[in-house]
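Only one structure is covered here, and it is reproduced in the block below.
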2 protein chains.
Amino acid sequence: MTRYQELRQTLNDEIAAGVFEIGGKFPTEFELCERFGVSRHTVREALRALEDNGLLSRQAGSGTTVLARKATALYTQTLDSLAGLFDYATDTVFEKRHEGFVTIRERLAETLGCSIGERWLRFAGLRRLATNGIAICWTEIFVAEPYSAIRSALGDATDPIYELLQRQFDLEISEVEQRISAISMPIEIAQALEAETHAPALLVRRRYFAGSANPFEVTLSIHPGDRYAHTQRLHRDRKRKAPSTG
Amino acid sequence: MTRYQELRQTLNDEIAAGVFEIGGKFPTEFELCERFGVSRHTVREALRALEDNGLLSRQAGSGTTVLARKATALYTQTLDSLAGLFDYATDTVFEKRHEGFVTIRERLAETLGCSIGERWLRFAGLRRLATNGIAICWTEIFVAEPYSAIRSALGDATDPIYELLQRQFDLEISEVEQRISAISMPIEIAQALEAETHAPALLVRRRYFAGSANPFEVTLSIHPGDRYAHTQRLHRDRKRKAPSTG
DNA sequence: TGCCATCATTTGTCCGGTCATTTAAGGTTG
DNA sequence: CAACCTTAAATGACCGGACAAATGATGGCA
């Protein structure tokens, strides 16, 4: 085993044993260099692994903080791509009906989860199955103003907007929040979807984050209740008596 | 932006543009050092990021291989326990209204996802917030017949039924499937919940598996659309291969 | 020909150092 | 007292170098 691997295991064990208080400060890189007689590079490599495991948090100027005793994830849902969020059987196409800037008012602020007065670029339209053209849902896509320049890059693109945003602005989606609620199908949307007005519908809101506390994109999808159900599966990935992580 | 970030983006773009053949060799670290006039450390940091994104594969002695044109990120939802499935803000209590065996007929077979003629033990009732007693949902719990002995063990237990089942029958829940759809609030349930009849409601079906292809427990929850929304968060995994703990 | 030792290549590990950026703390000033 | 400035300390970025380990090709030998 290499030095930084040994160091990582040693520190991992000490954290698990409760040597350091959770939320408290971890020794600095120089202190660890002295204590273990290794270079700063070796220490940083070990700390990096512990940070990846979610045990530590590091901040320039502030230092290293202990986040947890051990990595705990008992049940996980894994998606190979964000396309997995849209658990449709086949490919879909977006049929744009509206495009333009909106200024958020009270109603929309609540549903989108953003602040009143903000300006967002909005696309709205139908999403259809590519195979037979059946309309699955009404979709509204909101892009935060700083990124509204993608509007020109859209054109004939068939990629999801978050993919275009990632490329053009070098964003890395760090988190996606998905919120599902039941609403009554609005009249205009019912017409576009050829669905029954005021019938129960599924409202799916997805907020895309890239590091910041505010999302850079928010999408709303309204599905007729009889055409779509959201399904997810969670797998257990650790045995009951498993610990002995090191 | 730092140098290795710029380098990462440049190489990322070149890979995406098809400059390198998939499965073919990528330039060596030294070649990249010369070409971009940076140190090996900077190159390695950029390559590391590309490897984490699943674009490259590196092998000591052999070199670097191109795996894909586009980054295929992994997004995971992690739960420390199954209690995380119920994303209520506070504790809840179950108020039992019905208890007994049912034989599955056509309608129920479809909603539960089981076969006609099967016998299940059924509990039905209200779930209330422990703090203020507000009814959140109508809940129906179905336990497969082989485990119906749990009925006697229930009594005053406040634990979730899947916990009791796990203990009494030494089951280990391996998978949970959650299905969310929008329905119209049925009359009887609307009355019990003091909600509006035929208003949009959220139907959450959870099926609990323990190795077998058939669930040992299925629960249905019907939430008034204006009282509850289901929320889940997905995090991007920084690395495709799980970081080892040592 | 088939096998094995050798060697050059490439990535992995580790060392030393320097400067930049971020943060918290302390002191100064209006 | 609040706002600002300075300073120290910590992590982040970057450089140059050295050796280790893995790999694949080369060439000699039975």
Side-chain angles (χ1 to χ4, degrees), chain A residues 1-12 15 20-67 170 172 174 210-213 246, chain B residues 1-12 14-15 20-21 23-68 238-246:
Chain A
M1 195 150 51
T2 62
R3 287 196 201 181
Y4 78 87
Q5 284 173 335
E6 273 183 49
L7 178 56
R8 181 195 60 193
Q9 188 168 337
T10 303
L11 295 175
N12 184 62
I15 293 170
F20 309 102
E21 193 182 347
I22 287 183
K25 281 277 168 275
F26 200 72
T28 69
E29 297 178 355
F30 287 109
E31 285 168 3
L32 294 171
C33 289
E34 282 198 7
R35 177 178 161 200
F36 293 99
V38 295
S39 75
R40 190 162 161 235
H41 170 83
T42 304
V43 168
R44 285 177 64 79
E45 204 64 25
L47 292 181
R48 184 177 197 158
L50 295 172
E51 187 184 20
D52 286 345
N53 279 16
L55 300 182
L56 297 179
S57 159
R58 311 164 76 196
Q59 176 66 49
S62 174
T64 303
T65 312
V66 183
L67 289 184
D170 197 38
E172 183 164 303
S174 60
S212 157
Chain B
M1 192 147 57
T2 63
R3 286 195 201 183
Y4 79 85
Q5 284 173 334
E6 274 184 47
L7 179 57
R8 180 190 64 83
Q9 191 170 348
T10 302
L11 295 175
N12 186 61
E14 289 192 358
I15 293 170
F20 309 103
E21 194 182 348
K25 280 280 169 274
F26 200 71
T28 70
E29 297 177 355
F30 288 110
E31 285 169 3
L32 294 172
C33 289
E34 282 198 7
R35 176 178 161 198
F36 294 99
V38 295
S39 76
R40 193 166 158 232
H41 169 84
T42 305
V43 168
R44 285 180 62 79
E45 204 63 25
L47 292 181
R48 184 177 199 160
L50 294 172
E51 187 186 18
D52 287 345
N53 283 358
L55 297 181
L56 298 178
S57 161
R58 308 163 78 194
Q59 177 64 50
S62 173
T64 303
T65 312
V66 183
L67 289 183
R238 274 194 7 84
K239 296 173 177 299
R240 278 198 77 83
K241 46 181 183 180
S244 116
T245 347

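Order of the sequence lines fixes the chain letters, A, B, ..., with proteins taken first and strands second; residue numbering starts at 1 for each chain.
In the 5' to 3' direction, nucleotides of DNA chain C lying under 4.0 Å from heavy atoms of chain A begin and end at C:dT13 to C:dT23. Scanning DNA chain D 5' to 3' for nucleotides with an atom closer than 4.0 angstrom to a non-hydrogen atom of chain A gives a first and last hit of D:dA10 to D:dA13.
Map A:T2 and B:P27 each onto its nearest nucleotide of DNA chain C; the residue landing nearer the 5' end is B:P27. Both A:V38 and B:G63 lie near DNA chain C, and the one whose nearest nucleotide falls closer to the 5' end is B:G63.
Remark: B:Q5 CD is packed, more than 12 non-hydrogen atoms of other residues, nucleotides or ligands lying under 6.0 Å away.
Shortest non-hydrogen contact noted between A:R3 and A:V38 is CD-CG1, 4.2 Å. Contact detail for B:Y4 and B:A46: the closest heavy-atom pair is O-CB, 3.6 Å.
The pair A:E51-A:R8 fails the salt-bridge criterion, with no side-chain N (NZ, NE, NH1 or NH2) lying under 4.0 Å from an Asp/Glu carboxylate O.
Under the side-chain contact (heavy atoms from CB on, under 4.5 Å) rule, B:L32 has a single partner from B:T10, B:L47, B:T64, which is B:L47.
Residue-level contact check: A:R3 touches the backbone only, with heavy atoms under 4.0 Å from sugar-phosphate atoms and none from bases. Contact annotation for A:Y4: backbone-only contact, meaning every heavy-atom pair under 4.0 Å involves sugar-phosphate atoms and none involves a base.
A heavy-atom distance below 4.0 Å to DNA chain C is reached by these residues of residues 42-50 of chain B, ordered by number: B:R44.
Note that the CZ atom of B:R58 and the CG atom of B:L50 stand 9.0 Å from one another [nearest 0.5 Å]. Distance check: B:C33 SG to B:H41 NE2 gives 11.0 Å after rounding to the nearest 0.5 Å. In this structure, B:R35 CZ and B:L7 CG are separated by 8.5 Å, a value rounded to the nearest 0.5 Å.
Contact of the A:V66 side chain with the A:L55 side chain is not registered, since no non-hydrogen atoms from C-beta on lie closer than 4.5 Å.
Although no hydrogens or angles enter the test, the distance criterion places no donor-acceptor pair under 3.5 Å between the side chain of A:E34 and the main chain of A:E31.
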